[in-house]
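Below: the structure, in C-alpha cells.
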Amino acid sequence: MNVGIKGFGAYAPSKVIDNAYFESFLDTSDEWISKMTGIKERRWAADDEDTSDMAYEASVKAIEDAGIQAEDIDMIMVATSTGDYPFPTVANMLQERLGTKKVATMDQLAACSGFMYAMINAKQFIQSGDYHNILVVGADKLSKITDLSDRSTAVLFGDGAGAAVIGEVSEGHGILSYELGSDGSGGKYLYQDQETHKIVMNGREVFKFAVRIMGEASTKAVEKAGLTADDIDMFVPHQANIRIMESARLRLGIPEEKMSVSVDQFGNTSAASIPLSIAQELENGKIQDGDTLVLVGFGGSLTWGAITLKWGK
Ligand code: UT7
C-alpha cells in the first residue's frame, strides 16, 4: 500500500515581528540575527490565539485540499510541545471543533521532529488497514514559552501550524522511507524549565548535534529509499538556522536551489516548521506532483526524523 499526503494546509498568524523589535530591549541587532541564523522576521500568535486555534486553521485547509469531509477523518494526531493544556490535548480540541466523529485523538511530543514522528505513526495505522484518513498536525506557539530576557533564544522562535491528511495514495506517490531516532543524553541541552516554563538551550551543543544529525538522518532515509542526491527535487529541512540547514544540504550534496528556505520569514516554529516550508514551496509552484522530497527534522530531547516521499495523491 502506498501511504502519503492526500491533503495539505498551513497557517501562520498575521502578527509579524521583525528583528528590529528585539533591538529595543536586548543587546542584539538585526545584523547579528540575520547573519547568525538567517531569520529576518517571525510570526507571533495573538494573546487569545492558542496552539489549537492555529492547528484548526491548518486542518480545515488540509481537509478541504483532500476533498473529504471532517466526518471522514478517523484519527487525529497533533505534534506539539505547546498544547493549550497538557489535557485536553490539542487533538481532542480539534475533534470537537472540526466536528469529526468521536475518533481516537493523541498529541505527540517530539519537539521540532514532531511532524516527522506523527507522519510515520499515522503511516503505520493506515498500513494496518484499520484507518483511512488520519489528520496529522504540527502546531506550536513557541512565543508563549520563549524567554524574552535571553537574547540567545528570544530571537529564534515563532508560531504556526501545518496539517496533512495521511492515507492511501496512488502508485508513484507517498512515503518511500524514513529514519527516526533520539538521544536522551542530550535532553539537558534543550528543555522547558519546570519553574519558568520557558525554553532553555545550550545553542552551541544543539548546533553541533543538528549539523551532524540532519546530514546523517537524511542520508540514511535517502539510502533506504534506494535513491541518490540526484533524485531529490526538494530538500525540506527543519527551519532552525540557515547555517545548520546549509551544512546538511552540503553533506547531502543537494544544490542550493533545491533547498526549501522559510526560516527568514517564520523563524523556528518547531513542529510547524517543515509543513510551513512545504506550504511556501507549493504556493510558489516549486513542488509538483510526483516530485521526490526529503524532509528532515531535529529537536529537543534530542530527537530526529527524516522522510523521503513522492509528493501527490
Ligand atoms: O529547533 C532546535 C532549536 N535550536 C536550534 O536549532 C538552535 C541551534 N543553535 C544555534 O542556532 C546557534 O547556536 C545560535 C544562533 C543560537 C548562536 O550561534 P553560535 O554560533 O552558536 O553562537 P554562540 O552561542 O557561541 O554565541 C556567540 C556570541 C556570544 O557572545 P560572546 O560570548 O562571544 O561574547 C553570545 O553571547 O554571540 C552572542 N549572542 C548574541 N549576540 C547578539 C548570542 N545571541 C545573541 C544575539 N545577539 N541575539
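Note that ligands are numbered from 1 as they come in the structure, with each ligand's atoms numbered from 1 the same way. Computation of the quantities below employed the complete heavy-atom set of this structure, encompassing side-chain atoms and omitting hydrogens, waters and symmetry-equivalent molecules.
The side-chain contact (heavy atoms from CB on, under 4.5 Å) test with T80 is passed by exactly one of L109, V137, D140: D140. With V222 as the fixed residue, the side-chain contact (heavy atoms from CB on, under 4.5 Å) test singles out one of L227, L176, V296: L227. Partner of S152 under the side-chain contact (heavy atoms from CB on, under 4.5 Å) criterion, chosen from V155, D150, L156: D150.
Within the 4.0 Å heavy-atom criterion, neither part of I33 lies near ligand 1.
In this structure, atom 34 (O) of ligand 1 has its sub-4.0 angstrom surroundings free of protein heavy atoms. Distance screen at 4.0 Å: atom 41 (N) of ligand 1 has a protein heavy-atom neighbour inside the cut-off. Distance screen at 4.0 Å: atom 24 (O) of ligand 1 has no protein heavy-atom neighbour inside the cut-off. Less than 4.0 angstrom separates atom 1 (O) of ligand 1 from at least one non-hydrogen atom of the protein.
Between E246 and R243, none of the side-chain N atoms (NZ, or NE/NH1/NH2) sits under 4.0 Å from a carboxylate O, so this pair counts as no salt bridge. A salt bridge links E216 with R212: the distance from a Lys NZ or Arg NE/NH1/NH2 to an Asp or Glu carboxylate oxygen falls below 4.0 Å. Look at K286 and D233 and you find no salt bridge, because none of the NZ, NE, NH1 or NH2 atoms lies under 4.0 Å from a carboxylate O. Ion pairing of K208 with E205 is present here, as a side-chain N (NZ or NE/NH1/NH2) and a carboxylate O approach within less than 4.0 Å. Classification of K15 and D159 as a salt-bridged pair fails, no side-chain N sitting under 4.0 Å from a carboxylate O.
Here the protein heavy atom with the shortest distance to atom 12 (C) of ligand 1 is F207 CD1, 3.8 Å. At the shortest separation from atom 9 (N) of ligand 1 among protein heavy atoms lies G203 O, 3.1 Å. Atom 17 (C) of ligand 1 has as its closest protein heavy atom W32 CH2, 3.9 Å. Nearest protein heavy-atom neighbour of atom 16 (C) of ligand 1: S152 O, 3.7 Å. Among protein heavy atoms, the minimum distance from atom 3 (C) of ligand 1 is reached at N268 ND2, 3.5 Å. Looking only at protein heavy atoms, the nearest one to atom 27 (C) of ligand 1 is R204 NH2, 4.4 Å. Considering only non-hydrogen protein atoms, atom 11 (O) of ligand 1 sits nearest to N241 ND2, 2.7 Å. Here the protein heavy atom with the shortest distance to atom 22 (O) of ligand 1 is M36 CE, 4.0 Å.
No N or O atom of S29 sits closer than 3.5 Å to an N or O atom of ligand 1. Considering backbone and side-chain N/O atoms, R151 comes within less than 3.5 Å of an N/O atom of ligand 1.
Contact between F298 and ligand 1 is present, with at least one heavy atom of the residue lying under 4.0 Å from the ligand.
Surrounding NZ of K35 are at most 12 heavy atoms belonging to other residues, nucleotides or ligands under 6.0 Å away. Residue E64 places its CD atom among 12 or fewer non-hydrogen atoms of other residues, nucleotides or ligands, all under 6.0 Å distant. Within a 6.0 Å radius of OH in Y85, no more than 12 heavy atoms belonging to other residues, nucleotides or ligands are found.
The ligand atoms of ligand 1 that sit less than 4.0 angstrom from a heavy atom of A240 are 6 (O). Against a heavy-atom cut-off of under 4.0 Å, R243 is close to the following atoms of ligand 1: 18 (O), 19 (P), 20 (O). Interface of T28 with ligand 1, defined as ligand atoms under 4.0 Å from a residue heavy atom, comprises 42 (C), 46 (C), 47 (N), 48 (N). The distance from ligand 1 to the heavy atoms of T37 drops below 4.0 Å at these ligand atoms: 15 (C). Close contacts between ligand 1 and D27 involve ligand atoms 42 (C), 47 (N) [criterion: under 4.0 Å to a heavy atom].
In this pair, W44 and Y21 present their aromatic rings perpendicular. The plane angle is above 60°, beyond the 30 to 60° band.
For F22 and W32, the gap between ring centers reaches or exceeds 6.0 Å.
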